[in-house]
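Please read all numbers here as calculations on a predicted model, not as lab measurements.
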Number of protein chains: 2
Amino acid sequence: MATIKEIAKKAGISYSSVSRALNNQTGVRPEIRKKVLEIAQELNYHPHSSAKALVQNRIGVLGVVIPRTSEFAFQNPYYSHMLLGLSSVANDMGYHLMLVINQQQSYASLYHSHLVDGIIVLANRIDDHYIPELVRDNVPAVVVPGYPDGWEFDIPSVNSENYQDVYRAITYLINLGHRDIAFILGGMNSNYSLVRLEAYKAAFRDKGLEYKDKYIKESDFSKTDAFRLMGDLLNLPDPPSAVISINDATTPGVLHQINSRGLRIPKDISVVAIGCSDLVDLTDPPLTTIKVPVTQVGRAAARFLIELIEKGECRERHVVIPSALVVRESTGVWPNR
Amino acid sequence: MATIKEIAKKAGISYSSVSRALNNQTGVRPEIRKKVLEIAQELNYHPHSSAKALVQNRIGVLGVVIPRTSEFAFQNPYYSHMLLGLSSVANDMGYHLMLVINQQQSYASLYHSHLVDGIIVLANRIDDHYIPELVRDNVPAVVVPGYPDGWEFDIPSVNSENYQDVYRAITYLINLGHRDIAFILGGMNSNYSLVRLEAYKAAFRDKGLEYKDKYIKESDFSKTDAFRLMGDLLNLPDPPSAVISINDATTPGVLHQINSRGLRIPKDISVVAIGCSDLVDLTDPPLTTIKVPVTQVGRAAARFLIELIEKGECRERHVVIPSALVVRESTGVWPNR
DNA sequence: TGACAAACTGCAAACGTTTGCGATATCCAC
DNA sequence: GTGGATATCGCAAACGTTTGCAGTTTGTCA
């Protein structure tokens with residue numbers, strides 16, 4: 001493959017001049033530059049990224065770590081939307097994306113071995129072993145979502161309004177008259193679950209009401225588990241009048257359980273779904289949703305990380321992307337007559 | 001950051017010995033090796049991948065290109081399953097994955113600039129400009145799925161049994177008594193669409209029957225478009241008695257249209273879904289499916305590419321992964337009484 | 001003890017770039 | 001024509017590895 005030296009030889013100049021010509025640097029005559037570019041084209045020259053990286057100490061790659069171990073988690077459209085956002089910004093800013101799924105290896109080593117310039121950790125869990133290392137070793141890194149307030153260490157993060165959203169949704173349901181509101185959560189090692197459960201409780205408290213533990217169900221983020229738990233809820237002597245489902249993986253399970261019992265939404269039970277999938281408006285009826293702007297979160301995370309890499313610091317360490325409660329037809333007043 | 005030279009200095013030996021010790025090569029005394037490894041540990045040493053790549057001419061990265069331009073395409077769980085398969089094999093074989101989504105840039109240049117050792121192109125389209133370049137430049141590359149038989153150039157590929165599957169499904173429906181079988185396709189620049197439409201036609205021909213063009217609908221692979229087209233079909237004076245939906249993106253649109261008209265599956269219409277999503281068994285009724293083993297396709301593609309990279313050649317240039325028609329409850333005999 | 005092989009070790013080149021620095025050429029004003 | 005500023009250019013070092021080769025040590029056996 002063509003190298004800079006070959007171009008230099010062919011053009012009859014030194015290879016430092018070739019380098020300068022190719023990189024749009026000053027100090028090379030226009031006609032020489034033109035000639036160099038022509039020869040480069042002709043030889044199908046491409047700069048050797050490793051050689052470049054070696055001397056510039058920058059490879060132009062962002063590491064994207066998806067630490068989840070279970071297959072179903074990755075099926076969640078969450079990751080597609082996120083990657084889309086990350087990718088669009090990375091492309092625009094001249095970076096590539098290295099995707100690391102569930103590697104049983106320290107994330108920091110990706111950085112230490114100069115494979116990536118920085119790291120984005122997606123859907124981190126509260127008990128993720130490898131994250132403290134990123135902080136300790138000063139690795140440019142952003143986690144999505146961040147840790148709950150008052151966490152033991154501080155690492156840059158991007159969040160959507162996880163807390164506010166659930167708070168708004170519960171308040172909305174309470175205002176509709178609901179009191180027995182079920183919450184299908186994910187595992188409590190998920191930061192999403194933690195923060196959203198806090199919001200759930202707070203919304204009740206702030207209305208002067210009591211929430212009931214029996215309506216709070218901890219799933220493994222799978223549709224089948226959600227199906228099972230929703231079944232348990234509907235088997236209660238006093239089943240909930242509303243349910244909120246934590247993500248796009250659990251929602252189909254919830255809906256399927258409700259439908260299979262012949263219950264009508266929202267007449268018999270109201271449903272609020274949290275997620276980013278557009279499928280919600282294809283359900284019957286269209287779902288009231290906490291629309292999580294995942295692609296935008298991804299875009300923000302990429303921008304954030306690149307700033308961290310290039311400037312070495314960041315203005316704000318915790319970015320929050322606003323989101324919205326979209327009221328459609330799956331929620332209604334209670335009791336319904 | 002620690003380099004091999006620092007380790008050498010600290011251990012009081014030459015850095016070539018350090019290199020040999022770290023790489024488990026012969027020609028270094030056991031006690032020296034031990035000492036080197038200890039110091040490496042202590043200094044948190046990680047080899048500089050670019051330096052290594054520069055001399056070894058191998059970076060240990062597979063490029064994964066998703067050329068689709070539309071957002072909805074990427075939402076398809078197809079890609080998640082595929083990445084899962086790719087990632088698992090790559091991890092096992094010591095490779096990383098570079099994800100390139102919809103970059104308006106030659107794929108071959110990724111290879112020429114030594115960013116990747118080889119390339120996997122996902123869901124390639126028949127009119128993809130950048131693929132011929134891979135062939136011309138002899139880039140180690142695998143495309144998923146491959147081109148139809150008799151295509152103008154030959155590039156390694158991995159496929160599931162796209163043709164056979166549809167053929168089996170149509171034959172199955174015909175045997176149930178169906179004659180008016182609709183097919184919601186994707187765009188005809190998709191290799192999936194092309195091959196599957198061929199199979200559709202062949203299945204009819206081989207039964208001595210005629211298919212009707214009006215039942216063949218070309219979507220843009222989105223749920224909304226599928227919803228619209230399914231509406232058109234049901235508005236016909238002689239609507240189809242069965243429909244086959246080409247992927248996980250179109251299926252929800254098809255189902256939603258059917259449900260919104262109050263039609264019963266399979267009493268009023270039979271449905272066969274092609275896809276890899278597990279959501280199909282949560283629908284009501286569970287769907288008869290052509291289960292595409294996408295994760296396995298991904299695994300095969302990664303293995304294939306790695307063989308291509310390491311051996312420089314491959315035994316078979318076109319791998320086919322068997323798949324299955326899973327009969328559930330969305331298909332029934334016709335006419336139904 | 002000596003000879004020879006085998007194991008070990010270090011030197012230095014090489015991979016393909018970028019870049020600081022000094023040297024040369026060009027240009028302009030006086 | 002001279003001085004000085006400025007633009008252009010090439011040399012060589014540097015980035016962190018691997019690796020062929022030559023030199024050194026160690027071990028073995030007669």
### Message
Walk me through whether A:Tyr79 and B:Tyr79 qualify under side-chain hydrogen bond (donor to acceptor under 3.5 Å, both in side chains).
### Response
CA-CA 10 Å; A:Tyr79 291 102; B:Tyr79 291 102; over 6 Å; no
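- Minimum heavy-atom separation, A:Gly187 to A:Phe221: N-CE1, 3.8 Å.
- A side-chain donor-acceptor contact under 3.5 Å links B:His318 and B:Ser157.
- Looking at which nucleotide of DNA chain D each of A:Val28 and A:Gln56 is closest to, the 5′-most match is held by A:Val28.
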Return a table of donor-acceptor pairs under 3.5 angstrom between the side chains of residues 85-94 of chain B and protein atoms on other chains or two or more places apart.
{"from": "B:Ser88", "atom 1": "OG", "to": "B:Gly85", "atom 2": "O", "distance (Å)": "3.2"}
{"from": "B:Ser88", "atom 1": "OG", "to": "B:Arg299", "atom 2": "NH1", "distance (Å)": "2.6"}

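- Both tests do not hold together for A:Arg125 against A:Tyr130: distance to the six-membered ring centre under 6.0 Å, angle to the ring axis within 45°.
- One can place CD1 of B:Ile13 at 19 Å from P of C:dA7, the figure rounded to the nearest angstrom.
- Atom-to-atom, OH of A:Tyr15 to P of D:dC11 comes out at 8 Å; the value is rounded to the nearest Å.
- Formation of a donor-acceptor pair under 3.5 Å by the A:Asn191 side chain with backbone atoms of A:Gly146 is found in this model.
- A parallel orientation is assigned to the rings of B:His112 and A:His46, their planes being inclined by less than 30° (bins at 30° and 60°).
- Ring orientation note: the planes of A:His48 and B:His114 are close to parallel, at an angle under 30° on the 30°/60° scale.
- Checked against D:dG10, D:dG16, C:dT18, the side chain of A:Ser16 finds its nearest nucleotide in D:dG10.
- Ring pair A:Phe153/A:Tyr147 is perpendicular by interplanar angle, where above 60° counts as perpendicular and below 30° as parallel.
- Distances shorter than 4.0 Å separate some side-chain N or O of B:Arg29 from OP1 or OP2 on C:dT9.
- The nucleotide whose nearest atom lies closest to any side-chain atom of B:Leu54 is, among C:dT9, C:dC8, C:dG16, C:dG16.
- Each end of the helix from C:dT1-D:dA30 to C:dC30-D:dG1 gets its own axis, taken as the rotation carrying the C1' atoms of four end pairs onto the next four within a five-pair window, and the two axes meet at 40° to the nearest 10 degrees.
- Residue pairs meeting the salt bridge (charged side-chain N to carboxylate O under 4.0 Å, His left out) criterion with at least one partner in residues 132-141 of chain A, sequence neighbours excluded, are absent.
- In plain terms, the two heavy atoms of A:Val61 and A:Tyr95 that are nearest each other are N-CD2, 3.8 Å.
- Interface residues of residues 18-27 of chain A facing DNA chain C, ordered by number: A:Ser19, A:Arg20, A:Asn23, A:Gln25; criterion, heavy-atom separation under 4.0 Å.
- Atom CD1 in A:Ile59 sits roughly 13 Å away from atom P in C:dT18 (whole-Å rounding).
- Within 6.0 Å of CG in A:Asp127 there are more than 12 heavy atoms belonging to other residues, nucleotides or ligands.
- Of the two residues near DNA chain C, B:Ser17 and B:Asn57, the one whose nearest nucleotide lies more 5' is B:Ser17.
- A pairwise comparison of heavy atoms in B:Tyr111 and B:Gly118 identifies CD1-N, 4.3 Å as the closest pair.
- Residues from residues 1-8 of chain A lying near DNA chain C, meaning a heavy-atom separation below 4.0 Å, are A:Thr3, A:Ile4, A:Lys5 in numerical order.
- Taking a 4.0 Å limit (strictly below) on heavy-atom distances, residues 32-52 of chain A reaches DNA chain D at A:Ile32.
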